[in-house]
Amino acid sequence: VARRLSLRKHPECHSMAGGKAIEHLAQTGNQELLTFRLPMRQYRNCDFSFSGLQNLVNNAIVQKEKEEGIQEGEILSCVKDIAAAVQHAVAVHIIQRTYRAMLFCIKNSILPSKHATLVVSGGVASNQYIRKVLQNLADANDFALLCPPPRLCTDNGVMIAWNGIERFRAGLGVLHSAAGVRYEPR
């Protein structure tokens, strides 16, 4: 969405990554000016998908460009509202699917009855709006919420490397020789 909105050209966002730019602009946008249908409503599972939402957002951007008479790549006057609406839709989708997973785990005794914990990491955990709604969800269901500091949430590579170090130190699942391992670059 950030790429499609050309946020690198936006004066407030030129040095920000896409997700950070969306979060920044959403702070002063009106999420109610655009409403996006949530993805996967017909599926009663815990899966996430954002491709349908991405298509809806792209269509809305095309429509707004036509209304404003601008070309793709130019900054829309309603860019902050689009950012706010997208961030809100993503947060609601995550909350609904996560809540469903929490209920499933509770019903099937997968989690302890007390002191259950929701852990959120990766890029999504660096978004403060999403963290806040996840905190509300966790609080409402007597779960603890654990998120790494935002500085560790910007690149999953850091988390993967950290996991590798911990597994190496513990001697768990570490391959000591690459002999006989086949791999093909893509």
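As the structure is a prediction and not an experimental result, all values here were calculated from the model.
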Contact between [X] and [Y] at the side-chain level, heavy atoms closer than 4.5 Å - yes or no?
{"X": "Leu103", "Y": "Tyr99", "answer": "yes"}
{"X": "Leu137", "Y": "Val133", "answer": "no"}
{"X": "Glu72", "Y": "Ile61", "answer": "no"}
{"X": "Leu33", "Y": "Cys78", "answer": "no"}
{"X": "Phe36", "Y": "Val86", "answer": "yes"}
{"X": "His10", "Y": "Met16", "answer": "no"}
{"X": "Ile94", "Y": "Phe50", "answer": "yes"}
{"X": "Leu5", "Y": "Leu76", "answer": "yes"}

Please check: side-chain N/O of [X] versus main-chain N/O of [Y], any donor-acceptor pairing under 3.5 Å?
{"X": "Arg97", "Y": "Asn45", "value": "yes"}
{"X": "Ser126", "Y": "Gly123", "value": "yes"}
{"X": "Asn141", "Y": "Phe143", "value": "no"}

Would you compute the distance between atom [atom1] of [X] and atom [atom2] of [Y] and round it to the nearest 0.5 angstrom?
{"X": "Arg131", "Y": "Asn136", "atom1": "CZ", "atom2": "CG", "value": "14.0 Å"}
{"X": "Leu25", "Y": "Lys20", "atom1": "CG", "atom2": "NZ", "value": "11.0 Å"}
{"X": "Asn127", "Y": "Gln87", "atom1": "CG", "atom2": "CD", "value": "4.5 Å"}
{"X": "Leu145", "Y": "Lys132", "atom1": "CG", "atom2": "NZ", "value": "14.0 Å"}
{"X": "Asn163", "Y": "Phe168", "atom1": "CG", "atom2": "CZ", "value": "13.5 Å"}
{"X": "Cys46", "Y": "Met102", "atom1": "SG", "atom2": "CE", "value": "11.5 Å"}

Residues clustered with Val92, ILVMFWY side-chain links under 4.5 angstrom: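 Val92 clusters with Leu38.
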ILVMFWY clustering at 4.5 Å (side-chain atoms), partners of Ile110: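 ILVMFWY cluster around Ile110 also holds Phe104.
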Evaluation steps, side chain to side chain contact (heavy atoms under 4.5 Å, CB included), between Gln27 and Tyr129: CA-CA 9 Å; Gln27 291 174 353; Tyr129 181 83; over 6 Å; no
State, to 0.1 Å, how close [X] and [Y] come at their nearest heavy-atom pair, and which atoms those are.
{"X": "Ala2", "Y": "Gly18", "result": "CB-CA, 3.4 Å"}
{"X": "Ala26", "Y": "Ala84", "result": "CB-CA, 3.5 Å"}
{"X": "Gly73", "Y": "Ser6", "result": "CA-OG, 3.1 Å"}
{"X": "Phe48", "Y": "His93", "result": "CA-NE2, 3.7 Å"}

Would you please test Thr98 and Leu118 for side chain to side chain contact (heavy atoms under 4.5 Å, CB included) and show each step? CA-CA 9 Å; Thr98 302; Leu118 174 63; 3.8 Å; yes
Establish, from distance only, whether the side-chain atoms of [X] and [Y] form a donor-acceptor pair under 3.5 Å.
{"X": "Asn58", "Y": "Arg4", "answer": "yes"}
{"X": "Ser77", "Y": "Glu68", "answer": "yes"}
{"X": "Asp139", "Y": "Gln135", "answer": "yes"}

Should Leu7 and Ile70 be regarded as members of a common hydrophobic cluster, given that ILVMFWY residues are connected when their side-chain heavy atoms come within less than 4.5 Å of each other, either directly or indirectly?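 Yes, because Leu7 and Ile70 connect within a single hydrophobic cluster, where side-chain heavy atoms sit under 4.5 Å apart.
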Of Glu12, His24, Gln31, which meets side chain to side chain donor-acceptor pair (under 3.5 Å) against Lys80?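 Among Glu12, His24, Gln31, the one meeting side chain to side chain donor-acceptor pair (under 3.5 Å) with Lys80 is Glu12.
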